[in-house]
**Q** 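First the structure, then my questions, so here it is.
Computed from a predicted model, the values in this text were never measured in an experiment. Note on naming: letters A, B, ... go to the chains in the order of the sequence lines (proteins, then strands), and numbering restarts at 1 for each one.
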Amino acid sequence: MGSRTDPADLSAERTQRILDVLRSIGPGEVVTYGEIAADAGYPRQSRFVGRVLATTDEEVPWWRVVNAAGRLVPGHEREQSALLRAEGVAVEGGRVRRATYGRFRG
DNA sequence: TTGATGACAGACG
DNA sequence: CCGTCTGCCATCA
């Protein structure tokens with residue numbers, strides 16, 4: 001057996017950590033990719049978060065994730081804004097208000 | 001193996 | 001507000 005860790009395993013571990021953080025996001029909370037990456041223990045790896053969301057089969061609250069500018073997910077803006085509004089999050093002009101993100105919620 | 005790509009972020013102009 | 005460039009790193013042609 002290889003004593004060196006396979007890249008696939010490292011990737012899987014990061015993926016699990018990120019999924020874990022995603023599952024910890026509660027209703028009404030809105031978090032950025034960078035925040036999720038940092039919470040998972042991988043600061044500055046926000047792109048990885050996007051990839052996980054785009055490829056995973058797990059049921060994670062993807063609609064509670066926005067980019068640093070508060071922009072909604074490209075191609076899912078309509079559904080995402082509907083889901084967020086249903087949780088009481090203010091969405092205006094295809095983006096979430098700054099004051100609504102973070103673990104604090106308002 | 002290299003180069004391009006991406007549900008990103010931050011700095012610049 | 002927008003576009004461009006760099007950093008980050010797995011994935012794909």
**Q** Please determine, for the side chain of A/R14, which listed nucleotide (B/dA7, B/dA9, C/dA10) has the closest atom?
**A** C/dA10

**Q** Knowing that exactly one of A/R71, A/R85, A/R98, A/R97 qualifies, which makes a salt bridge (Lys or Arg N to Asp or Glu O under 4.0 Å) with A/E92?
**A**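 So the option named by the test is A/R97.
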
**Q** Could A/R14 and A/F48 be counted as a cation-pi pair, given that NZ or CZ must be under 6.0 Å from the ring centre and within 45° of the axis?
**A**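 Because its charged atom sits under 6.0 Å from the ring centre and within 45° of the axis, A/R14 does stack over A/F48.
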
**Q** What's the closest nucleotide to the A/R47 side chain, out of B/dA9, B/dG6, B/dA7?
**A**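 Selected nucleotide: B/dG6.
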
**Q** 5'-most contact on DNA chain B: A/V66 or A/R51, nearest heavy atom basis?
**A**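 Of the two residues, A/R51 wins.
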
**Q** Where the side chain of A/A54 is concerned, which of C/dC8, B/dA7, C/dA10 is the nearest nucleotide?
**A**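 Nucleotide nearest to A/A54's side chain: B/dA7.
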
**Q** Of all the choices, B/dA9, C/dG7, C/dT11, which nucleotide is nearest to the side chain of A/Y33 once you look at every atom?
**A**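 The nucleotide sitting nearest to the side chain is B/dA9.
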
**Q** Give the rounded distance in Å between these two atoms: CG of A/N67 and P of B/dA7.
**A** 12 Å

**Q** By nearest nucleotide on DNA chain C, pick out whichever of A/Q45 and A/R71 is the more 5' one.
**A** A/R71

**Q** Taking it one step at a time, do A/E79 and A/W63 satisfy side-chain contact (heavy atoms from CB on, under 4.5 Å)?
**A** CA-CA 8 Å; A/E79 184 176 1; A/W63 62 92; over 6 Å; no

**Q** Any side-chain N or O of A/R44 less than 4.0 Å from the OP1 or OP2 oxygen of B/dA9?
**A** no

**Q** Starting from P on B/dG6, measure out to CG on A/L53 and report it in whole angstrom.
**A** 17 Å

**Q** If I take atom CH2 in residue A/W62 and atom P in nucleotide B/dA7, what distance separates them, rounded to the nearest angstrom?
**A**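 So the two atoms are 14 Å apart, to the nearest Å.
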
**Q** Checking A/E77 now: which residues fulfil side chain to side chain donor-acceptor pair (under 3.5 Å) with it, not counting sequence neighbours?
**A** none

